[in-house]
Amino acid sequence: QVQLVESGGGLVQTGGSLRLSCVASGSIDDINVMGWYRQAPGKQRELVATIASGGGTNYRDSVKGRFTISRDNAKNTVYLQIHSLKPEDTAVYYCNAEVRPRGWGAGFFNHWGQGTQVTVSS
(Lines give C-alpha, C1' and ligand atoms only; values in the text may rest on other atoms or scores of the structure.)
Protein backbone atom coordinates (compact mmCIF):
# COMPACT_ATOMS: atom_id res chain seq x y z
CA GLN A 1 0.00 0.00 0.00
CA VAL A 2 1.31 3.45 -0.95
CA GLN A 3 0.24 6.67 0.70
CA LEU A 4 0.91 10.31 -0.15
CA VAL A 5 0.46 12.86 2.62
CA GLU A 6 0.57 16.59 1.95
CA SER A 7 1.21 19.35 4.46
CA GLY A 8 1.97 23.05 4.54
CA GLY A 9 -1.24 24.62 3.31
CA GLY A 10 -2.92 27.50 5.07
CA LEU A 11 -4.37 30.98 4.92
CA VAL A 12 -2.03 33.69 3.69
CA GLN A 13 -2.35 37.24 2.44
CA THR A 14 -1.73 38.29 -1.15
CA GLY A 15 1.99 38.39 -1.78
CA GLY A 16 2.75 35.84 0.90
CA SER A 17 4.63 32.58 0.68
CA LEU A 18 4.06 28.95 1.56
CA ARG A 19 5.97 25.70 1.27
CA LEU A 20 3.99 22.57 0.57
CA SER A 21 5.42 19.13 1.27
CA CYS A 22 4.30 15.66 0.22
CA VAL A 23 5.76 12.45 1.57
CA ALA A 24 5.22 9.11 -0.15
CA SER A 25 5.33 6.10 2.13
CA GLY A 26 4.64 2.39 2.02
CA SER A 27 6.02 -0.45 -0.05
CA ILE A 28 7.84 1.64 -2.66
CA ASP A 29 10.44 0.35 -5.07
CA ASP A 30 10.81 3.49 -7.20
CA ILE A 31 9.10 6.80 -7.95
CA ASN A 32 9.09 8.32 -11.41
CA VAL A 33 7.39 11.68 -11.88
CA MET A 34 6.07 13.59 -8.87
CA GLY A 35 3.86 16.60 -9.16
CA TRP A 36 1.42 19.09 -7.76
CA TYR A 37 -2.07 19.75 -9.04
CA ARG A 38 -4.75 22.09 -7.75
CA GLN A 39 -8.50 22.37 -7.85
CA ALA A 40 -10.38 25.55 -7.15
CA PRO A 41 -14.10 25.53 -6.24
CA GLY A 42 -16.21 24.87 -9.31
CA LYS A 43 -13.19 24.23 -11.52
CA GLN A 44 -11.41 21.18 -12.87
CA ARG A 45 -8.19 19.93 -11.33
CA GLU A 46 -5.21 21.42 -13.14
CA LEU A 47 -1.52 20.70 -13.35
CA VAL A 48 0.69 23.09 -11.40
CA ALA A 49 4.16 21.57 -11.71
CA THR A 50 5.91 18.26 -12.16
CA ILE A 51 9.42 16.99 -11.52
CA ALA A 52 11.02 13.88 -12.94
CA SER A 53 13.25 11.57 -10.94
CA GLY A 54 16.26 13.11 -12.66
CA GLY A 55 15.18 16.63 -11.74
CA GLY A 56 13.59 17.89 -14.94
CA THR A 57 10.69 20.24 -14.18
CA ASN A 58 7.55 21.49 -15.88
CA TYR A 59 5.26 24.37 -14.80
CA ARG A 60 1.97 25.82 -15.90
CA ASP A 61 2.51 29.27 -17.34
CA SER A 62 0.61 31.16 -14.63
CA VAL A 63 2.96 29.99 -11.86
CA LYS A 64 6.31 30.28 -13.63
CA GLY A 65 8.67 32.49 -11.67
CA ARG A 66 6.58 32.22 -8.49
CA PHE A 67 6.44 28.48 -7.80
CA THR A 68 9.40 26.12 -7.49
CA ILE A 69 9.06 22.36 -7.36
CA SER A 70 11.81 20.20 -5.89
CA ARG A 71 12.21 16.71 -4.54
CA ASP A 72 14.32 14.65 -2.18
CA ASN A 73 14.51 11.17 -3.66
CA ALA A 74 16.06 9.71 -0.52
CA LYS A 75 13.03 10.85 1.47
CA ASN A 76 10.41 10.16 -1.24
CA THR A 77 9.32 13.76 -0.77
CA VAL A 78 8.29 16.49 -3.16
CA TYR A 79 8.06 20.18 -2.27
CA LEU A 80 6.35 23.20 -3.75
CA GLN A 81 7.75 26.56 -2.72
CA ILE A 82 5.23 29.27 -3.49
CA HIS A 83 5.98 32.99 -3.53
CA SER A 84 3.95 36.06 -4.45
CA LEU A 85 0.65 34.33 -3.82
CA LYS A 86 -2.43 35.68 -5.56
CA PRO A 87 -6.11 35.18 -4.72
CA GLU A 88 -6.45 33.10 -7.89
CA ASP A 89 -3.99 30.59 -6.40
CA THR A 90 -6.64 29.66 -3.85
CA ALA A 91 -7.36 25.95 -4.25
CA VAL A 92 -6.88 22.51 -2.80
CA TYR A 93 -3.39 21.40 -3.78
CA TYR A 94 -2.91 17.70 -4.48
CA CYS A 95 0.28 15.72 -4.65
CA ASN A 96 0.68 13.09 -7.35
CA ALA A 97 3.33 10.42 -7.82
CA GLU A 98 4.02 7.62 -10.27
CA VAL A 99 5.08 4.78 -7.99
CA ARG A 100 6.43 1.33 -8.69
CA PRO A 101 5.38 -0.74 -5.69
CA ARG A 102 7.84 -3.25 -4.34
CA GLY A 103 7.19 -6.73 -5.67
CA TRP A 104 4.71 -5.62 -8.36
CA GLY A 105 6.97 -5.95 -11.36
CA ALA A 106 8.00 -3.15 -13.70
CA GLY A 107 4.83 -1.06 -13.79
CA PHE A 108 4.32 2.39 -12.29
CA PHE A 109 0.96 3.33 -10.80
CA ASN A 110 -0.53 6.76 -10.22
CA HIS A 111 -1.20 7.82 -6.62
CA TRP A 112 -2.82 10.92 -5.15
CA GLY A 113 -2.69 12.58 -1.78
CA GLN A 114 -5.73 13.82 0.09
CA GLY A 115 -4.99 17.47 -0.65
CA THR A 116 -4.05 20.54 1.36
CA GLN A 117 -6.02 23.79 1.27
CA VAL A 118 -4.29 27.01 0.22
CA THR A 119 -6.34 30.15 0.70
CA VAL A 120 -5.06 33.57 -0.35
CA SER A 121 -6.86 36.60 1.02
CA SER A 122 -6.94 39.85 -0.91
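Every heavy atom of this structure was used, including side-chain atoms; hydrogens, water molecules and symmetry mates were not.
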If you take all heavy atoms of Pro87 and Ser122, which pair is closest and at what distance? CG-CB, 3.9 Å
Less than 4.5 Å apart, side chain to side chain, heavy atoms only: is that true for Val23 and Leu4? no
Treating Ile, Leu, Val, Met, Phe, Trp and Tyr as nodes and any side-chain heavy-atom pair under 4.5 angstrom as an edge, say whether Val78 and Val2 lie in one connected cluster. yes
CD/Glu88 to OG1/Thr14 distance, rounded to the nearest 0.5 angstrom? 8.0 Å
With a 4.5 Å heavy-atom cut-off, do Ser27 and Pro101 have their side chains touching? no
Any heavy-atom pair between the side chains of Arg71 and Ile31 that's under 4.5 Å? yes
Shared ILVMFWY cluster between Met34 and Ile28, side chains joined below 4.5 angstrom? yes
In short, salt bridge (charged side-chain N to carboxylate O under 4.0 Å, His left out) pairs touching residues 99-112 with sequence neighbours left out are Asp29-Arg100, Asp30-Arg100
Hphob cluster co-occupancy, Leu20 + Val12, side-chain heavy atoms under 4.5 angstrom: yes
Spacing of OG1 belonging to Thr68 relative to NE2 belonging to His83, to within rounding of 0.5 Å: 6.0 Å
Using a 4.5 Å cut-off on heavy atoms from C-beta on, say whether the side chain of Leu11 contacts that of Val120. no
Kindly indicate whether the side chain of Phe108, heavy atoms from C-beta on, has any atom under 4.5 Å from the side chain of Val99. no
Can you give me the closest heavy-atom contact between Leu80 and Ala49, atom names plus distance? CD1-CB, 4.4 Å
Which heavy atom in Ile69 sits nearest to a heavy atom in Tyr59, and how many Å separate them? N-OH, 2.9 Å
Would you say the side chain of Val118 lies within less than 4.5 Å of the side chain of Thr90, judging by non-hydrogen atoms? no
The single option from Arg38, Glu6, Gln39, Gln117 passing side chain to side chain donor-acceptor pair (under 3.5 Å) against Tyr93: Arg38
Test Leu47 against Asn58 for side-chain contact (heavy atoms from CB on, under 4.5 Å), laying out the working first. CA-CA 9 Å; Leu47 170 70; Asn58 177 55; 3.6 Å; yes
Heavy-atom distance under 4.5 Å between the side chains of Phe109 and His111, does that happen here? yes
If two hydrophobic side chains count as joined below 4.5 Å and joins carry through other members, does Leu85 share a cluster with Val63? yes
Less than 4.5 Å apart, any side-chain heavy atom of Phe67 and any of Asp89? yes
What pairs meet the ring pair (Phe, Tyr, Trp, His ring centres under 6.0 Å) rule with one or both residues in residues 20-55, with sequence neighbours excluded? Tyr37-Trp112
Output the distance between atom CZ (Arg19) and atom OG (Ser17), rounded to the nearest 0.5 Å. 12.0 Å
Roughly how far, to the nearest 0.5 Å, is OG1 of Thr119 from CD of Gln13? 13.0 Å
